[in-house]
**Student:** 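A single structure is presented below for examination.
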Amino acid sequence: MISAGAAAAHAVTHPKTTRNLLIVAAIIVLVVPVTLVAVPVSLVLAMGTNGFGGGGVCGGSSPSVEAGQNVDGYGPQQLKIAATIITVGQQMIVPPHGQTLALMVAIGESGLRNLDHGDAVDNTTIGVFQQGAGYGTPAERMNPATAAAAFYTRMLHVPDWQTLAPTLVAHAVQINADPNHYAPFWTPAEQVLAALTGASAGACQVPADARAAAAVLVGAIQAKKLNFLEPRYQQQVVNMADGTATPDCTIDPHILQLIVVAVQSFQQVGVSDLNRRCTGMTPGAGTASAHWKGKAVDFYAINGQSLTGADTLSVQLIHALDPYAPHGSSIGQSDCRSRARVTLGVLTNLTSDFPDTCNHQHIQVP
């Protein structure tokens, strides 16, 4: 077995030809400790309540319902359905704003009850979201988890769903008679989300400036949630945090913020590339690369599993970062996804993609 140290030393002198070897070596190192705690991605976001556990401040803690709990008039049975809706949203890496939207619709349609009938206007709709036959079989529509997944899937395809008035997003999915029907249910939905998870519909609490974001990442490094392929890339983050980064070694604040979102959304994150001007590395696009400007990050592993740009974790990472990326940001590995016949669905801020090697997931900002 090649050691990570030996691979790193070889990569310094042969940066372009040994990048794959170095990533493989790093995965070997990562997998050993992670296999002791690894869980399916569907469960990762339900773990922990601190800033680096589960969904972190981006997703709140795993929803829990206490015996006899009542929130804004909704009792334990209704709150258990709400918890299911939230859990599905966390599993799909939908931000709290989207989870609140789903709760708003469920409250507005059924009062968080799993109804086996519709209303006087349309008695063919059923379930907590009052979904029609186009959403699936009766059994699927009566299953709150399946119904929630169907709602989220359609919601994510509504253009500008994160910035439109919530009731208009709900109307676009549900296609009900009154587009303002859901407006009164937004505040109760916020209260339910906060009570069950501690999350806010507002947004992920990403530090506003580069130094603060870097400081969060230093904490993630210490917690062994954030790993780097090479120590010098880790040092770039440390120097950004303590204010000693030189002009050639700075990292764009948005890139640091996106890494923060990643470590708050997953159990463990591996970064293989940051500012190449700082290291003098010129693989791929050379000095034309966004890496040369400190405006790109390569993620090579999530939860101890290597990324290809087309695997499930790469897709989940892309959707986790999209709400917090500046509009006009880009992603790599388009050819990897094309060959694997993987589609990303609708993205709001990651508006373009391009070919790249299939051993990481590249993200860059304007």
Side-chain angles (χ1 to χ4, degrees), residues 39-47 54-55 58-65 77-116 118 124-159 161-162 166 169-176 182 185 189 192-193 196-197 199 201 265-266 302-303 311-323 342-348:
V39 295
V41 174
S42 62
L43 297 181
V44 168
L45 293 182
M47 296 174 58
C58 291
S61 63
S62 174
S64 61
V65 180
Q77 293 304 313
Q78 293 159 297
L79 295 178
K80 287 179 182 178
I81 290 177
T84 297
I85 294 170
I86 294 168
T87 297
V88 172
Q90 290 179 339
Q91 291 170 353
M92 294 177 68
I93 315 189
V94 175
H97 180 77
Q99 296 169 30
T100 309
L101 267 161
L103 291 173
M104 177 188 71
V105 170
I107 292 172
E109 290 287 359
S110 67
L112 291 173
R113 294 171 295 164
N114 200 24
L115 303 176
D116 62 359
T124 66
T125 56
I126 56 176
V128 64
F129 287 94
Q130 289 289 281
Q131 293 167 337
Y135 282 84
T137 66
E140 289 170 336
R141 289 178 282 153
M142 286 296 294
N143 181 321
T146 305
F151 173 83
Y152 284 124
T153 298
R154 297 197 182 198
M155 181 196 75
L156 292 171
H157 283 78
V158 175
W161 70 266
Q162 297 171 75
V169 178
H171 174 68
V173 176
Q174 300 294 106
I175 315 179
N176 61 330
Y182 302 98
F185 307 110
V192 169
L193 182 74
L196 299 190
T197 71
S265 299
F266 297 96
I302 293 291
N303 297 342
D311 60 282
T312 299
L313 284 172
S314 292
V315 174
Q316 290 183 323
L317 174 65
I318 290 168
H319 280 279
L321 300 184
D322 180 61
V342 171
T343 58
L344 294 175
V346 176
L347 296 170
T348 300

**Student:** Could you measure the distance from the CD atom of Q91 to the CD1 atom of I86? Nearest 0.5 Å is fine.
**Tutor:** 12.0 Å
**Student:** Which side-chain N or O atoms in residues 105-112 pair as donor and acceptor under 3.5 Å with protein atoms at least two apart or in another chain?
**Tutor:**
unit_1	atom_1	unit_2	atom_2	d
E109	OE2	Q174	NE2	3.1
E109	OE2	Y182	OH	2.4
S110	OG	A106	O	3.0
S110	OG	L112	N	3.3
S110	OG	R113	N	3.2
S110	OG	R113	O	3.0
S110	OG	V128	O	2.7

**Student:** If you compare all heavy atoms of L196 against all heavy atoms of A82, which two are closest, and at what distance to 0.1 Å?
**Tutor:** CD1-CB, 4.0 Å
**Student:** I need the R141 CZ to L115 CG distance, nearest 0.5 Å.
**Tutor:** 13.0 Å
**Student:** Go through the steps for H171 and N176 under the test side chain to side chain contact (heavy atoms under 4.5 Å, CB included), then give the verdict.
**Tutor:** CA-CA 6 Å; H171 174 68; N176 61 330; 2.7 Å; yes
**Student:** If I take atom CG from residue N114 and atom CG from residue N143, how far apart are they, to the nearest 0.5 angstrom?
**Tutor:** 8.0 Å
**Student:** List for me each residue that meets side chain to side chain contact (heavy atoms under 4.5 Å, CB included) alongside L347, sequence neighbours excluded, and say none if there are none.
**Tutor:** I318, H319, D322, I331, L344, L350
**Student:** Just how far is it from atom CD1 of I81 to atom CG of L103, taken to the nearest 0.5 Å?
**Tutor:** 11.5 Å
**Student:** Please evaluate residues L101 and H97 with respect to the criterion side chain to side chain contact (heavy atoms under 4.5 Å, CB included), reporting the C-alpha separation (whole Å), side-chain torsions for both, the decisive distance (0.1 Å), and the verdict.
**Tutor:** CA-CA 6 Å; L101 267 161; H97 180 77; 3.9 Å; yes
**Student:** Shortest non-hydrogen contact from A148 to F129?
**Tutor:** CA-CE1, 3.6 Å
**Student:** Which residue pairs pass the side-chain hydrogen bond (donor to acceptor under 3.5 Å, both in side chains) test with at least one member in residues 146-155, sequence neighbours excluded?
**Tutor:** none
**Student:** Starting at CZ of F151, measure out to CD1 of I85 and round the result to the nearest 0.5 Å.
**Tutor:** 9.0 Å
